[in-house]
Amino acid sequence: GAGTDFLGISFSALDKVGVWDETRLLELHDALERLSELDPRKAQLVEMRFFGGLTMAEVAAALEIGHATAERDWTFAKAFLLRELGPEPA
C-alpha cells in the first residue's frame with residue numbers, strides 16, 4: 001500500500017520535501033537504469049509501484065502479466081536495487 005517501505009523509504013515519504021537527498025535519488029535512478037538494461041519490465045514495475053503508487057494487481061494488468069509473475073519480478077527488482085544501492089547512508 002501507500003505506506004509500504006521500499007529500500008528503507010516509505011512511499012508516503014516521497015511527498016515530504018527533503019526525505020530523499022539528491023545523491024540518493026541519483027543513485028536510485030542509476031540503479032533503475034542498470035535494472036532496465038537487464039530487464040526493462042522489472043524496471044517498469046518498480047517505477048509503477050514506487051513512483052506511481054500502483055498496487056500489484058494494477059501493475060500486473062498494465063504490464064499484461066500474471067499477478068504471480070509481477071510478485072516474482074517485484075521480489076527480484078527489490079533485491080537487485082538493494083544490492084546496487086547498498087545500505088542507507090547514516
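In this structure the side chain of Trp74 never reaches within 4.5 angstrom of the side chain of Val59, judged on heavy atoms.
Residues Arg34 and Glu37 are not paired through a salt bridge, judged by the lack of any N-O separation under 4.0 Å between the basic side chain and the carboxylate.
When the side chains of ILVMFWY residues are joined at heavy-atom separations under 4.5 Å, either directly or via intervening members, Leu63 and Leu38 end up in a single hydrophobic cluster. Leu26 and Leu28 fall into different hydrophobic clusters, where Ile, Leu, Val, Met, Phe, Trp and Tyr are joined by side-chain heavy atoms under 4.5 Å apart, directly or via other members.
Counting only distance, with no hydrogens or angles, the side chain of Thr75 and the backbone of Glu71 share a donor-acceptor pair below 3.5 Å.
With rounding to the nearest 0.5 Å, the separation of CD in Gln44 from CD1 in Ile65 is 9.5 Å. Rounded to the nearest 0.5 angstrom, Lys78 NZ and Asp73 CG are separated by 12.0 Å.
Arg24 approaches Leu85 most closely through the heavy-atom pair NH1-O, 3.3 Å. What you find for Arg49 and Leu54 is that their closest heavy atoms are NH1-O, 3.0 Å. Contact record, Ala70 with Leu45: O-CD1, 3.5 Å, taken as the closest heavy-atom pair. Here the shortest heavy-atom pairing between Leu35 and Ala77 reads CD2-CB, 3.9 Å. A pairwise comparison of heavy atoms in Leu81 and Leu32 identifies CD2-N, 4.0 Å as the closest pair.
Judged by a 6.0 Å distance limit and a 45° cone about the ring axis, Lys42 is not positioned over the six-membered ring of Phe80.
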For this session: Take Val46 and Arg41, measure what side-chain contact (heavy atoms from CB on, under 4.5 Å) needs, and give me the verdict at the end.
Result: CA-CA 9 Å; Val46 170; Arg41 185 181 75 206; over 6 Å; no
